[in-house]
Structure formats: C-alpha cells, structure tokens
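In what follows, every heavy atom counts, from backbone to side chain, and hydrogens, waters and symmetry copies are set aside. Residue numbers start from 1 in every chain, and the chains themselves are labelled A, B, ... in the order their sequence lines are given, proteins ahead of strands. Because the structure is predicted, anything quoted here is derived from the model rather than measured.
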Amino acid sequence: MNNDIMSIVFANDSDSKLNELTLHRTTASLPFCGRYRFIDFTLSNLVNSNITTIGIVTKVNYSSLMDHIRMGRDWDLNRKNSGIAIFPPYVSNTATSNYKGKISALHSLLHYLIQGKEEYVLLTNSDVALNIDYEEVYNSHIKSRADITMVTHMSKPTGNTRVIVEAKSSRQVEKLRIKNTPSDDIAEIGLNIYLIKKDLLIKLIESAHELGYLDFERHILQLGLGQLNIVAYKHNGYSAIIDDVNTYYVESMRMLQTNVRNDLFYRAGKIYTKTKDSVPTIYRENSTVKNSLIADGCDINGTVENSILFRGVVVEEGAVIRNSIVMENGIIMRYSNLSYAITDKDVKVTENRKICGYDTYPVVIAKGKEV
Amino acid sequence: MLHNDKECVAMLLAGGQGARLGVLTKDTAKPAVPFGGKYRIIDFPLSNCINSGIDTIGVLTQYQPFDLNQYIGNGQPWDLDRLNGGVFVLPPYVKGKHGEWYKGTANAIYQNIAFIDKFMPQYVLILSGDHIYKMDYAKMLDAHKTRHADCTIAVIDVPKDEASRFGIMNTNEDGSVYEFEEKPKNPKSTNASMGVYIFTWDKLKNYLINDENSVGSHNDFGKNIIPSMLNAGEKLYAYEFEGYWKDVGTISSLWEANMDLLTTDSGLVLDDEKWKIYSRSTAEPPHYTGDNAVISNSLITEGCTINGVIKRSIISPSVTIGEGALIEGSTIMPGAIIQEGAEVKYSIIGAGAIVGAGAKVGDIQTEAVDGEWQITVVGADAIIQPNTVVPVNAMIDGEGN
C-alpha cells in the first residue's frame with residue numbers, strides 16, 4: 001500500500017568522531033555487521049514501510065555512497081515514480097560544522113520538498129542501526145495529533161551530542177536537553193529521526209533560515225517546544241547511534257548475540273544491501289571458529305573467536321583473530337595475530353605480525369594498509 | 001526492427017520432470033533445485049550465457065514452473081533485465097485453436113519458432129537445465145562460424161568405461177561428426193555430448209518443421225534432429241570442451257557434484273572473478289558459528305546458525321544446525337533445521353525439512369559401485385521425528401508427515 005511520506009536522509013552527521021573509519025567515506029557508507037553499510041538500515045526501513053521517495057543529502061566523501069547505492073536497485077528503489085535522489089554537497093561556503101548543515105541543507109532542498117507529492121516528511125540521520133516500522137510511527141503521529149514526532153530510545157548518554165527527552169505520560173515532550181557529557185544513568189534519547197507534515201517543515205525551515213538559525217535540534221525543536229506539539233515515539237527494539245569508534249566496536253560485538261541480531265535483521269522487515277555474488281565461505285581443515293559472524297566469500301584456515309569477518313576475508317593457517325572486526329577482502333596471513341583490532345577494507349596483515357588493542361580502545365587499521 | 005536483432009539466441013530446455021531426482025523435484029522443476037549452497041542448477045547456464053555475451057534467453061518450462069518462474073523473475077540477478085532481449089520464461093501456450101504440451105526437446109523449440117524469429121538470430125544455442133559447468137559459449141560460436149557448420153555439438157572426453165552412459169559423437173580427424181550413438185553398448189569413442197548445441201537458425205528451422213510433420217517422430221534433438229541432419233549430409237562438428245562438466249540428473253551425481261566443490265582437484269572452482277556464477281540473493285545476515293561448532297572442509301552460507309559438528313558438507317542459506325548435531329558428507333538445502341544431537345551422513349536434506357533431535361539419517365559410504373552412491377534423501381519440508389532412524393538410500397517424502 002502506498003502512503004503519504006517522503007524522506008530526507010542525512011548521510012554525513014557525526015563523521016568526525018569515527019576517525020579513520022570515515023576518512024574516505026560518509027557515515028552512511030560505513031560497513032557494519034559483515035556485509036552491510038549503515039545506509040542499508042535506513043533504506044530498508046523506509047522501503048519496508050513503503051516510503052519510496054528518498055532524498056539523500058551528502059556533504060563530503062560521497063563517492064563510496066554513490067557506488068554502494070547506484071540506482072537503488074538492491075532496495076527495490078529503481079522506480080519510475082519516486083526512488084532515490086542523491087544531493088551532492090550543499091555547502092557552498094567553507095562551513096564545516098555539523099550543525100551548520102541541517103537547516104541550511106533543508107533550505108537548499110525546498111524545491112525537492114515542494115515538488116514531492118507526499119504530505120509528510122521523515123527526516124533521518126544515517127548513523128543509526130535499528131529495524132523500525134515507520135507506519136507505526138505515522139499511526140502514532142496521527143493519533144497523538146503531533147506536529148513533530150521524534151523517535152527515541154533508552155540508553156546511556158555517551159560523550160557525543162545527545163538529545164535527552166523528558167516527556168509526559170501522554171508522550172508529549174516537555175523538555176529537551178542537548179548534552180555531550182557521558183552518564184551511567186539510562187535516559188530517553190532522541191535518535192534524530194523526525195516525522196513532520198511537509199508544509200509545517202517548510203514553514204519552520206524558512207523562518208529559522210531567515211533568523212540565521214543553524215541547529216535543527218536547538219533552534220527548531222528546543223525553541224519550538226512551547227508552540228509545537230512534539231511527541232516522543234519510543235522504539236523498544238535494538239537501536240544504536242554509532243558515532244565514535246568505541247561505540248562502533250561495542251555495537252558490532254553485540255551482534256554476536258543471537259537475540260540482538262535477530263531484532264536488528266528481522267524485527268519489522270528484512271535488511272537489504274548491495275549484492276556482490278560472493279561464493280559461500282569455505283572452512284578448511286585447520287579452521288577453528290567460535291562465537292563469530294562470518295559473511296560469504298571467506299576462506300578460513302586459522303582460528304577466529306568472538307569476531308566478525310566481512311565478505312571475502314582470508315584467514316591463513318596459524319593466523320589467530322580474537323575479539324576483532326576484519327572488513328571486506330582483508331588478508332590475515334600465516335601466524336599473524338589480531339586482538340581487539342578493527343581492520344578496514346583491503347587491509348593485509350603479513351606473516352607473524354601481532355596487532356593488539358584493548359577492549360575499551362580497539363586499534364583501527366585504515367583502509368588498504370599493509371601491516 | 002534492425003536494432004533488435006541478436007546474433008545468437010539461447011534456448012534453455014527446463015521442462016523435464018527430473019523424475020530421477022525423486023522427492024527433490026516433487027514441487028519444483030529440476031533447474032530450480034538448490035546446488036552448492038547458494039545456487040540453483042539454472043544459475044550455471046544463465047551465468048555462462050551472460051558471461052559469454054549472450055543476453056537473450058528463452059527458458060522452456062512446463063513442469064512445476066512456479067518456483068522456477070519466481071526464481072528467474074525479471075532476470076536481474078544475472079544482469080538479464082534488458083530493454084532489448086533478456087530472459088523469457090516460455091511455457092507451452094494455445095496457438096489458434098490448438099495447444100499442446102512440449103512433446104520433446106525439438107518440439108519445444110518448434111513451438112517457439114515465432115519467439116526466436118522476433119530476434120532474427122543467425123544462430124541458436126540449445127542448452128539443458130541440468131548440468132553443472134562453466135563454459136564460454138562465445139568460443140564455441142567462433143568455432144561454429146569458422147567451420148561454416150550447420151550444427152556444432154559440444155563434447156567432453158569421458159572415461160572409456162563410462163562412455164556407454166552418454167550420447168557419443170564419432171568424429172573424423174577434422175572434428176566433423178559422421179555418427180551419433182545414444183548410449184552405445186560398445187562405444188567407438190569417448191566424445192560424450194554435453195547437451196549443448198549451436199545451430200545455424202535457418203537450417204534448424206527447416207529440420208524442426210520437417211520433424212514436426214514426420215509421423216512417429218519423438219521430436220527429440222538426440223533421437224531425431226541430429227540423425228536426420230547427419231543423414232542429409234549437413235555439416236555437423238564436435239566442439240571439444242575441456243573443464244568440469246557434470247550431468248546432475250540423478251541423486252548420486254547431484255551429491256557428487258556438490259562434493260566436488262570441496263576438492264580442488266575436481267576442477268569445479270566457483271571463486272573466479274573472471275567467470276562469476278550469479279544467483280538470486282536471499283538478503284540474510286552473515287552466518288553465526290557458535291562456541292561448540294567444529295567445522296572442517298565445508299561450505300557455509302549466509303543466514304545460518306551453526307552449533308554442531310560439520311565435516312565435508314555444503315550448508316545452504318538460513319540453515320540451523322543444533323548443539324551436538326553431526327553433519328558429514330551431506331548437502332543441506334535452504335532453511336532446513338537439524339536439531340540437537342541429530343546425525344546426518346551422506347544425505348541430501350531438502351529445503352525447509354526438519355531433522356528431529358537425536359534422529360539418524362543415512363550413513364557413511366566408502367565407495368560407490370558404478371558411480372552410484374547410496375545417498376539418503378529427505379524431501380523439502382519433510383519432518384523426521386526425534387530419535388528415528390532413516391536408513392541408507394531411503395527417500396523421505398515431505399507429504400503426510
């Protein structure tokens with residue numbers, strides 16, 4: 001069934017804190033869980049919820065994203081009507097701040113918004129891993145007569161910017177605090193996913209832009225609390241904002257838990273990604289694999305424990321990989337040893353090398369490097 | 001119409017019942033039978049076509065076609081969703097007042113003369129849907145053109161003691177065929193026909209029409225078309241193919257071909273960037289290997305959960321292997337569940353089948369007489385109750401359980 005929602009996806013949001021991992025790519029194209037990119041969760045959720053008019057806003061390093069998405073065929077988004085539109089950099093000046101982006105980005109997309117025949121807009125970042133049915137968010141939006149519905153989850157604030165939500169029992173938001181101090185107390189945190197009527201969004205963006213406002217969360221949500229009915233929709237399944245290396249590592253490792261993985265990959269629909277036609281993975285005579293996720297196309301003749309191997313990884317005889325993430329086409333040669341490491345795409349670890357990080361500080365080996 | 005012309009159109013014969021595969025083809029056509037973990041048999045000829053530059057393929061179906069039709073879809077996984085050309089599923093249909101099933105391989109092509117003529121090809125490539133091999137048809141077409149042949153038949157050298165199981169092409173020194181013998185008792189040569197033919201279309205069309213009009217014909221390429229072309233003195237050549245090729249029309253050979261993926265000396269290598277075998281993806285996360293899993297010499301695909309012991313086996317997508325289960329020398333098709341402590345040896349477990357906890361299916365074979373392995377087969381969606389024993393060579397139907 002068709003619905004009346006279009007989507008704007010922000011591809012670069014927290015790039016700076018992912019360091020080497022987003023040196024050459026957008027957060028949206030950051031690889032996750034063996035064969036996915038972050039944008040796969042966003043696009044699959046949208047498609048599974050019948051939202052097929054999708055504009056993706058990019059800022060820097062977007063070639064890997066374009067290469068991943070192509071015409072959107074892998075998500076069934078190569079449509080005659082609707083489908084994917086990618087908007088290359090909207091920053092015409094030297095502005096680099098993340099928050100400089102969102103309001104001016106939307107302002108530069110006004111024509112795209114106006115052109116769309118849909119009545120509602122779903123705004124989302126692409127550093128979120130979750131499996132959500134947006135039709136339920138829409139139903140809640142209508143039922144609660146909200147001006148803006150914001151999707152939230154319960155988690156501990158990290159040191160990165162988080163929107164802490166305080167809501168009445170009716171779920172109407174009373175207070176929004178924007179924090180970047182870590183805490184051990186679980187709080188309701190915004191996932192940077194918003195549903196809003198298109199006409200209202202256009203009005204809000206135009207007036208914020210005229211006043212020189214930059215920050216969607218501060219200048220539209222926080223300032224708007226008195227006048228707008230902002231409602232929090234709490235997602236109860238697995239969800240994570242992944243905007244630094246440590247969270248990336250911790251959330252990747254959580255995928256080894258079958259219930260967490262099942263929630264992310266099957267809760268409201270399947271997660272699609274670009275197909276690569278890899279062959280099945282071969283386990284050879286000397287392989288020992290425990291508690292690990294292994295994508296297709298791997299060739300394993302060594303030891304792999306508590307780890308995630310992406311597509312096409314080679315683990316030679318005697319190599320030992322523990323508590324690590326090896327991205328696509330990594331080659332771990334004979335008798336080398338990886339512990340608490342994240343190796344990016346196309347990394348080669350030569351014979352007898354030892355790479356060792358710590359559980360709270362995994363070592364990252366940048367794309368294409370040879371150790 | 002000039003722009004729509006194709007030099008060569010491929011016609012893939014996928015209509016056979018595949019009776020020798022028993023319960024595996026009860027609800028599915030033979031070409032749609034899973035193979036090698038993430039593939040179906042038809043992925044091989046379709047991938048060979050696109051890798052050879054042939055982008056117009058008619059797939060002739062008439063037996064249990066739904067699974068196959070759905071699998072082929074618009075042909076996108078093989079890059080066959082084309083504006084001009086692509087893949088077409090061709091079931092028999094009513095023409096004017098008459099309509100009939102495909103009576104034989106030649107009749108199936110005869111009934112689709114109009115389809116082929118739409119592309120005005122000079123050549124037609126005839127393929128089967130039950131062979132596992134990687135072959136560059138473009139090279140075979142070059143040989144056909146160079147020799148100005150009317151028909152070129154791909155042949156493979158088979159061991160002398162096996163030759164009597166094949167259609168044998170007896171050739172002159174220049175490769176021209178002087179005699180075709182179907183399963184000869186005393187074979188004169190070891191050139192077995194692979195069921196891959198290239199015909200010059202105008203020539204073939206005449207023979208198809210004549211064959212259709214001849215009373216008592218089996219309307220079959222091997223039995224009728226090839227012999228009558230030989231009798232008439234047409235130019236038939238053998239094209240020698242070197243490489244892996246296997247007819248997977250029997251349980252034993254299907255099992256063998258799966259096992260061939262696990263030995264490097266079999267010649268069947270799928271990890272080949274230059275000649276990829278494409279298949280429809282199932283969109284599953286990576287497979288999970290648990291703490292108590294022990295896996296050696298096996299292929300495992302995405303979406304699986306493995307907690308048991310696996311030796312020399314092929315595990316298709318979304319299969320679950322419970323704690324303490326043992327899988328040896330077997331191929332497990334998509335979505336099957338092998339529960340705790342079950343043992344599956346030298347077996348083929350159909351898609352969606354469940355082998356209950358502690359059940360024992362099949363047993364180890366040390367040798368095969370006449371190439372016939374005693375393989376145990378559990379059909380799609382069959383349920384084997386816990387702690388039961390399924391004997392060697394048994395075939396369990398999915399129905400009635």
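Taking the side chain as every heavy atom from C-beta outward, B/Leu254 and B/Phe35 approach each other to under 4.5 Å. With a 4.5 Å cut-off on side-chain heavy atoms, B/Tyr346 and B/Ile364 count as touching. When side chains are defined from C-beta on, B/Val377 counts as touching B/Leu24, because their heavy atoms get closer than 4.5 Å.
In this structure, CD1 in B/Ile57 is found 8.0 Å from CG in B/Leu127, a value given to the nearest 0.5 Å. Rounding to the nearest 0.5 Å places CD1 of A/Ile365 at 12.5 Å from CD1 of A/Ile325.
For residues 291-324 of chain B, there are no ring pair (Phe, Tyr, Trp, His ring centres under 6.0 Å) pairs, not counting sequence neighbours. For residues 301-341 of chain B, the set of pairs meeting the ring pair (Phe, Tyr, Trp, His ring centres under 6.0 Å) definition, not counting sequence neighbours, is empty. Within the structure, ring pair (Phe, Tyr, Trp, His ring centres under 6.0 Å) contacts touching residues 291-318 of chain A (residues at least two apart or in different chains) do not occur.
The aromatic rings of B/Trp373 and B/Trp255 sit tilted, their planes meeting at an angle between 30° and 60°.
Counting heavy-atom pairs closer than 4.5 Å to chain B, the top residue among A/Val304, A/Leu264, A/Ile282 is A/Ile282. Interface remark: of the candidates B/Gly37, B/Gly36, B/Ala293, B/Pro77, B/Ala293 forms the most heavy-atom pairs closer than 4.5 Å to chain A. Most heavy-atom pairs under 4.5 Å with chain A: of the set B/Gly303, B/Pro285, B/Gly290, B/Pro317, this distinction falls to B/Pro285. By number of non-hydrogen pairs under 4.5 angstrom with chain A, the leading residue of B/Ile310, B/Ile300, B/Val294, B/Leu270 is B/Ile300. Ranked by heavy-atom pairs under 4.5 Å with chain B, the list A/Gly34, A/Cys33, A/Ala295 is led by A/Ala295.
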Give the atom names and distances for all donor-acceptor pairs closer than 3.5 Å across chain B and chain A.
residue, atom, partner, partner atom, Å
B/Lys38, NZ, A/Ser278, O, 2.6
B/Lys38, NZ, A/Asp296, OD2, 3.0
B/Asp81, OD2, A/Arg73, NH1, 3.2
B/Lys276, NZ, A/Lys276, O, 2.9
B/Thr282, O, A/Lys270, NZ, 2.9
B/Glu284, O, A/Arg35, NH1, 2.7
B/Glu284, O, A/Tyr36, OH, 3.3
B/Glu284, OE1, A/Tyr266, OH, 2.3
B/Glu284, OE2, A/Lys270, NZ, 2.8
B/His287, N, A/Ile294, O, 2.9
B/His287, O, A/Ile294, N, 2.8
B/His287, ND1, A/Ile294, O, 3.1
B/His287, NE2, A/Tyr283, OH, 2.6
B/Tyr288, OH, A/Asn291, OD1, 2.5
B/Thr289, N, A/Ser292, O, 2.9
B/Thr289, O, A/Asn291, N, 2.8
B/Thr289, O, A/Ser292, N, 3.0
B/Thr289, OG1, A/Tyr283, OH, 2.8
B/Asp291, O, A/Lys290, NZ, 3.2
B/Ala293, O, A/Lys290, NZ, 3.0
B/Ile295, O, A/Ser287, OG, 3.0
B/Asn297, N, A/Tyr283, O, 2.7
B/Ser298, N, A/Tyr283, O, 3.0
B/Ser298, O, A/Tyr283, N, 2.8
B/Ile300, N, A/Thr281, O, 2.9
B/Ile300, O, A/Thr281, N, 3.0
B/Glu302, N, A/Asp296, OD1, 3.2
B/Glu302, OE1, A/Arg35, NE, 3.2
B/Glu302, OE2, A/Arg35, NE, 3.1
B/Glu302, OE2, A/Asp296, N, 3.0

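Proximity to chain B (any heavy atom under 4.5 Å) is restricted, for A/Ile271, to the backbone atoms N, CA, C and O.
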